[in-house]
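What's counted below: heavy atoms across the whole structure, side chains too, no hydrogens, waters or symmetry copies. For reference, positions follow the sequence shown, starting with 1.
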Amino acid sequence: MSAYLPDTDSEDELPPGWEERATLDGKVFYANHVTKSTQWSHPRTGKKKKVTGELPHGWEKKVTEDGNVFYVDHINHKTTYTDPRLAFAVEEKEFPTDIRQRFDASTHALQILHGRDLGGKVAIITGANCGIGFETARALAYHGCEIYFACRNRKSAVEAMEKICKERPNSIVHYIHLDLESFQSIEEFCVKFERDKKFINMLILNAGTFGLPFSVTEDGFETTFQVNHLGHFYLVKLLTPLLIKSAPGRVVVLSSESHRQSFITKENISEERLSPKTSNGFFSIIAYNDSKLCNILFSNELNRRLSGFKVFSNAVHPGNVVSSYLSRNWWVYRLLFALVRPFTKSLSQAAATSVYCATAHELEGVGGMYFNNCFRCRPSKNADDEELAKLLWELSENMIARSLENRDKKIKNIY
């Protein structure tokens, strides 16, 4: 039948005389008013759809005394018998990883959430006080999600939260101090969060550093490596029981296409290579590239370990040379980022892929993948290496355990 349908700019557009409807249990069907017939498959694409999730913000489902269902839009004061979620129906997939691209590089974070109501959801976002993290928090908060700003700079975080609340007064935002350069700070954050909140739906590991000269954290590790990977690794380890208890949940790990310029392999991976003790042979760009490969390896291994508990993890690339606060550490990088700004994504566009992986209905039950421009793409061969991911996991655990043991010894010696 589809061969005789007229051309259209959109394959989803219905031919004349057809109407899209939904059953009470969310299945989409199509009514032909000419032939007075109905069918489950789309008359043009032949695919089946379903409506999922919550009603859009401000909508309420009601039932009349005689059993008829209708929907009330309390914001625009309108009533309809058409399920408003039909506008955001998703195709039924034969396989979980069959994902149709609905967005691209030009999509903004708020567009991802059009028609969504995230009321009752809780998200932790590291580095939410500025850049991509702020735009991610802003988009989620605008749609009712309760946001925890996990940031080192209290003043900047408070200003960011005030800006969101000024734009959308009913936003629910909180601040808990988190410094990824300090394992003690990470521990204190987790204690405070679990005391304040008993569940979490989204954990977005957004914070990162770029272009730092060689330095060592109080825990004894090279700073770029600890901030970009090891600190987040420890944060997730401590929050894992809560993530499992709160399942289903999602973890989003911000990586970068720069991971393709890392030459870490299972043959050469070592603590000395990832976290050198001296500045001899240290190059900040190499440290950054290596940490971004670690992000994907960690995300994939985390998904393998937690997907059975309905906690799924995906890694994302926000965009190339996005004009964010990553370039703040060296004037050369600030100049480079400023020069390319007109040709790169805006911060809102850069945040879109994080928001997509944290909320998209079609990613329910899907993890262990790498996304760019709101669509799955293949990472480097090393990033897909399961053995390398396991080696990194074990190495990370051993590094943290040894550091904590040394810290405990120092405390004992003091007292």
Can Tyr288 and Gln261 be said to form a side chain to side chain donor-acceptor pair (under 3.5 Å), step by step?
-> CA-CA 10 Å; Tyr288 179 77; Gln261 276 69 59; over 6 Å; no
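- Ion pair Arg378/Asp384 flagged as a salt bridge, since at least one NZ, NE, NH1 or NH2 atom sits closer than 4.0 Å to an Asp/Glu carboxylate oxygen.
- Nearest heavy atoms, Thr265 versus Asn268: N-OD1, 2.8 Å.
- Between the side chain of His229 and the backbone N or O of Asn295, no donor-acceptor pair lies under 3.5 Å.
- Within the 4.5 Å cutoff, no side-chain heavy atoms of Val311 are placed close to those of Arg250.
- For Glu181, the salt bridge (Lys or Arg N to Asp or Glu O under 4.0 Å) partners two or more places apart in sequence, or in a different chain, are Arg152.
- Within 6.0 Å of the CZ atom in Phe282, the count of heavy atoms belonging to other residues, nucleotides or ligands exceeds 12.
- Heavy atoms from other residues, nucleotides or ligands lying under 6.0 Å from NZ of Lys310 number 12 at most.
- Counting heavy-atom neighbours within 6.0 Å of Arg154 CZ, excluding the residue itself, gives a total of 12 or less.
- What you find for Ile124 and Ala150 is that their closest heavy atoms are CG2-CB, 4.0 Å.
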Does the pair Glu188 and His177 meet the rule for a side chain to side chain donor-acceptor pair (under 3.5 Å), with working shown?
-> CA-CA 8 Å; Glu188 291 172 353; His177 179 263; 5.7 Å; no
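- The closest side-chain heavy-atom distance from Asp83 to Leu55 is below 4.5 Å.
- The backbone N or O of Phe103 sits nowhere less than 3.5 Å from a side-chain atom of Thr107 that would complete a donor-acceptor pair.
- Minimum interatomic distance between Phe183 and Ile400 (heavy atoms only, all atoms of both residues): CZ-CG1, 3.9 Å.
- Interatomic distance, Ile204 CD1 to Ile125 CD1, rounded to the nearest 0.5 Å: 4.5 Å.
- With Asn201 contributing its side chain and Ala123 its backbone, the two residues share no donor-acceptor pair below 3.5 Å.
- With contacts defined as side-chain heavy-atom distances shorter than 4.5 Å, the pair Arg195/Val191 qualifies.
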Begin with the C-alpha distance, continue with both residues' side-chain angles, and end with the deciding distance and a verdict on side-chain contact (heavy atoms from CB on, under 4.5 Å) for Leu235 and Cys190.
-> CA-CA 8 Å; Leu235 176 67; Cys190 292; 3.7 Å; yes
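- Rounding to the nearest 0.5 Å gives a distance of 10.0 Å between OG1 of Thr240 and CZ of Phe309.
- In this structure the side chain of Val122 reaches within 4.5 angstrom of the side chain of Phe199, judged on heavy atoms.
- Lys277 and Glu271 are joined by a salt bridge, as a carboxylate oxygen and a charged side-chain nitrogen come within less than 4.0 angstrom of each other.
- Using a cut-off of 4.0 Å between Lys/Arg side-chain N and Asp/Glu carboxylate O, Glu257 and Arg260 are scored as salt-bridged.
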Full working for side-chain contact (heavy atoms from CB on, under 4.5 Å) between Thr223 and Val216 = CA-CA 5 Å; Thr223 303; Val216 177; 5.6 Å; no
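- Looking only at distances, a side-chain donor or acceptor of His143 sits under 3.5 Å from a matching main-chain atom of Leu113.
- If you run side-chain hydrogen bond (donor to acceptor under 3.5 Å, both in side chains) between Asp219 and each of Gln184, Gln226, Arg402, Arg407, only Gln226 comes through.
- The two residues Asn228 and Gly208 have their closest heavy-atom pair at OD1-CA, 3.2 Å.
- When atom types are taken as modelled, the side chain of Ser256 and the backbone of His259 share no donor-acceptor pair closer than 3.5 angstrom.
- Relative orientation of the His317 and Tyr370 rings is tilted, given thresholds of 30° and 60° on the angle between their planes.
- By the 30° and 60° cut-offs, the orientation of the rings of Phe189 relative to Phe193 is parallel.
- Glu19 has a carboxylate O that lies under 4.0 Å from a charged side-chain N of Arg21, or vice versa, which qualifies the two as a salt bridge.
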Decide salt bridge (charged side-chain N to carboxylate O under 4.0 Å, His left out) for Arg305 and Glu386; before the verdict, give the C-alpha distance in whole Å, the side-chain angles of both, and the deciding distance to 0.1 Å.
-> CA-CA 12 Å; Arg305 291 170 181 252; Glu386 288 191 28; over 6 Å; no
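- Under the 3.5 Å distance criterion, the side-chain polar atoms of Ser255 are matched with a main-chain donor or acceptor of Lys292.
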Take Asn76 and Asp73 through the side chain to side chain donor-acceptor pair (under 3.5 Å) test and state the conclusion after the steps.
-> CA-CA 6 Å; Asn76 299 305; Asp73 180 355; 2.8 Å; yes
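- The CD1 atom of Ile172 sits 14.0 Å away from the NZ atom of Lys121 when rounded to the nearest 0.5 Å.
- The salt bridge (Lys or Arg N to Asp or Glu O under 4.0 Å) pairs that include a residue from residues 233-247 are Lys237-Glu397, where partners are two or more places apart or lie in different chains.
- At distances below 3.5 Å, at least one donor-acceptor pair connects side-chain atoms of Asn303 with backbone N or O atoms of Ser313.
- Take Glu159 and apply the salt bridge (Lys or Arg N to Asp or Glu O under 4.0 Å) test, not counting sequence neighbours, and it matches Lys155.
- Aromatic rings of Trp393 and Phe233 (six-membered ring for Trp) have centroids within the 6.0 Å cut-off, being under it.
- Remark: Leu297 CG to Leu388 CG distance equals 4.5 Å, nearest 0.5 Å.
- Residue Leu254 is tested with Thr136, Thr353, Ile132 for a side chain to side chain contact (heavy atoms under 4.5 Å, CB included); the sole match is Ile132.
- Counting heavy atoms from C-beta outward, Ser284 and Phe214 have side chains that stay 4.5 Å or more apart.
- Expressed to the nearest 0.5 Å, how far OG of Ser396 lies from CG of Leu392 amounts to 4.0 Å.
- Looking only at distances, no side-chain donor or acceptor of Asn373 sits under 3.5 Å from a matching main-chain atom of Asp104.
- In this structure, Ser270 and Leu395 approach most closely via the heavy-atom pair C-CD2, 3.7 Å.
- Under the 4.5 Å side-chain criterion, counting only non-hydrogen atoms from C-beta, Arg116 is in contact with His361.
- The NZ atom of Lys197 sits 11.0 Å away from atom CD1 of Ile176, with the distance rounded to the nearest 0.5 Å.
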Where do Thr224 and Ser291 land on the side chain to side chain donor-acceptor pair (under 3.5 Å) test, with the steps shown first?
-> CA-CA 7 Å; Thr224 297; Ser291 71; over 6 Å; no
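- Remark: Lys198 does not engage Glu194 in a salt bridge, criterion side-chain N to carboxylate O under 4.0 Å.
- No side-chain donor-acceptor contact under 3.5 Å links Ser182 to the backbone of Asp179.
- For the pair Glu187/Leu238, a side-chain contact is recorded, criterion being any heavy-atom separation below 4.5 Å from C-beta on.
- The shortest side-chain heavy-atom distance between His174 and Phe149 does not fall under the 4.5 Å cut-off.
- Using modelled atom types, no side-chain atom of Asp117 and backbone atom of Gly144 make a donor-acceptor pair closer than 3.5 Å.
- Of all the heavy atoms in Met399 and Phe221, the pair that sits closest is O-CZ, 3.3 Å.
- Taking a cutoff of 4.0 Å between a charged side-chain nitrogen and a carboxylate oxygen, Arg138 and Glu167 qualify as a salt bridge.
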